[in-house]
Amino acid sequence: MEHEHYSPGPASGARVVRNDGEKWTLVLVRDLRHSPEKVWSALTDPAQLREWAPFVVDGNMATEGATVNLTWVGNPTPIKTTVTRAEAPYVLAYNDTRWELEETAGGTRLTLWTNIDRRFISWGAAGWHISFDVLDRLLEGNPIGRIAGADVMKFEGWQRLTAEYKKLFEG
């Protein structure tokens with residue numbers, strides 16, 4: 001794993017949408033140099049998710065109605081999760097999460113919509129930013145290994161990235 005050679009870029013491609021109460025929706029956009037089909041596979045295949053996502057699942061998520069146990073890194077309690085929308089390779093939705101994939105001239109524009117407690121928005125944005133970087137390297141064939149849970153908070157660049165997102169959202 002090549003964590004020591006990785007440093008996250010500046011905060012970008014994120015916004016928040018206010019919902020009711022303390023829940024907000026974090027929207028993150030990342031352009032990837034890979035086809036929607038390749039990105040879709042990384043979003044739905046348990047083996048690939050284990051390499052980059054801040055959670056693991058015990059089954060494939062590519063089919064609407066599929067039920068899996070989703071377990072966040074650092075939280076041993078699995079969440080029974082049903083895929084509510086699966087339109088390969090363009091839309092995937094489950095729980096409070098929706099992924100949209102749009103084909104671009106250079107690959108795929110990946111958009112994540114996820115509901116999050118207002119107090120943790122900058123942390124969530126920084127964590128997903130790093131996960132997207134890990135995903136990009138995995139898809140390039142240069143995996144650096146998942147950086148998630150408590151490990152991400154110890155990671156160099158985490159504090160800077162969290163502060164940048166906080167400033168971005170408050171501005």
Side-chain angles (χ1 to χ4, degrees), residues 1 3 6-32 39-40 42-46 48-58 61 68-86 91-102 108-139 143-171:
M1 306 300 170
H3 293 176
Y6 161 71
S7 178
S12 65
R15 63 187 172 92
V16 291
V17 178
R18 186 178 188 148
N19 298 330
D20 294 329
E22 295 299 307
K23 287 286 187 181
W24 290 52
T25 299
L26 173 62
V27 183
L28 290 147
V29 179
R30 178 71 64 96
D31 287 322
L32 300 169
V39 176
W40 175 264
L43 295 176
T44 58
D45 174 45
Q48 290 186 63
L49 284 165
R50 193 175 305 113
E51 295 297 317
W52 71 270
F55 58 84
V56 294
V57 292
D58 65 356
M61 298 178 69
V68 299
N69 287 308
L70 184 149
T71 307
W72 289 93
V73 171
N75 183 349
T77 306
I79 302 165
K80 186 175 180 179
T81 300
T82 301
V83 176
T84 54
R85 193 166 167 199
V91 181
L92 177 67
Y94 50 88
N95 298 351
D96 288 340
T97 303
R98 184 173 81 238
W99 299 92
E100 296 177 359
L101 295 78
E102 177 186 346
T108 302
R109 174 161 293 140
L110 178 63
T111 304
L112 167 64
W113 301 73
T114 186
N115 291 350
I116 189 167
D117 187 297
R118 181 175 60 89
R119 297 168 296 172
F120 303 110
I121 288 175
S122 58
W123 283 23
W128 280 112
H129 178 119
I130 291 170
S131 291
F132 283 6
D133 286 352
V134 173
L135 168 63
D136 194 34
R137 284 162 177 76
L138 174 68
L139 294 174
I144 61 172
R146 174 172 54 199
I147 307 169
D151 288 342
V152 79
M153 292 182 208
K154 295 183 243 170
F155 192 71
E156 186 178 338
W158 164 259
Q159 296 293 339
R160 172 190 54 81
L161 201 52
T162 301
E164 288 175 10
Y165 277 112
K166 184 174 180 170
K167 188 175 180 180
L168 182 72
F169 297 146
E170 289 174 352

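Computed over heavy atoms, backbone and side chain alike; hydrogens, waters and symmetry mates excluded. Quick note: residue numbers are just sequence positions, from 1.
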To the nearest 0.5 Å, how far apart are [atom1] in [X] and [atom2] in [Y]?
{"X": "Leu28", "Y": "Trp113", "atom1": "CG", "atom2": "CH2", "answer": "11.0 Å"}
{"X": "Thr25", "Y": "Asn19", "atom1": "OG1", "atom2": "CG", "answer": "3.5 Å"}
{"X": "Ser7", "Y": "Asp133", "atom1": "OG", "atom2": "CG", "answer": "9.0 Å"}
{"X": "Ile121", "Y": "Thr114", "atom1": "CD1", "atom2": "OG1", "answer": "10.5 Å"}
{"X": "Arg15", "Y": "Trp24", "atom1": "CZ", "atom2": "CH2", "answer": "12.5 Å"}
{"X": "Leu112", "Y": "Arg98", "atom1": "CG", "atom2": "CZ", "answer": "9.5 Å"}

Exercise: identify the closest heavy-atom pair between [X] and [Y]:
{"X": "Arg109", "Y": "Asp31", "result": "NE-OD1, 2.8 Å"}
{"X": "Trp123", "Y": "Trp158", "result": "O-CH2, 3.3 Å"}
{"X": "Ile130", "Y": "Pro8", "result": "CG1-CB, 4.3 Å"}
{"X": "Ala125", "Y": "Leu26", "result": "N-CD2, 3.5 Å"}
{"X": "Ile147", "Y": "Ile144", "result": "CD1-CD1, 4.3 Å"}
{"X": "Asn95", "Y": "Lys80", "result": "OD1-O, 4.4 Å"}

Practice item. Evaluate the ring planes of Trp52 and Phe132, with Trp represented by its six-membered ring, and classify them as parallel (under 30°), tilted (30 to 60°) or perpendicular (over 60°). Key: tilted

Ignoring hydrogens and geometry, is there a side-chain-to-backbone donor-acceptor pair from [X] to [Y] under 3.5 Å?
{"X": "Thr84", "Y": "Ala93", "value": "yes"}
{"X": "Asn115", "Y": "Lys23", "value": "no"}
{"X": "Tyr165", "Y": "Ser12", "value": "yes"}

Exercise for review: Decide side-chain contact (heavy atoms from CB on, under 4.5 Å) for Ile79 and Phe55; before the verdict, give the C-alpha distance in whole Å, the side-chain angles of both, and the deciding distance to 0.1 Å.
Suggested key: CA-CA 10 Å; Ile79 302 165; Phe55 58 84; over 6 Å; no

Point to revise | Atom CH2 of Trp72 with >12 non-hydrogen neighbours under 6.0 angstrom | key: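 More than 12 within 6.0 Å, yes.
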
Review point. Is any side-chain heavy atom of Met61 closer than 4.5 Å to a side-chain heavy atom of Val68?
Key: yes

Review point. Do Arg137 and Val134 come close enough that some side-chain heavy atom pair is under 4.5 Å?
Key: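 SC-SC contact between Arg137 and Val134 ruled out.
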
Point to revise | Test side-chain contact (heavy atoms from CB on, under 4.5 Å) applied to Val39 - qualifying residues, sequence neighbours left out | key: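 With neighbours one apart ignored, the set is Leu32, His34, Leu43, Leu101, Thr108, Leu110, Leu139.
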
Check your understanding: side-chain contact (heavy atoms from CB on, under 4.5 Å) between Arg30 and His129: does it pass, once the steps are laid out?
Key -> CA-CA 9 Å; Arg30 178 71 64 96; His129 178 119; 3.7 Å; yes

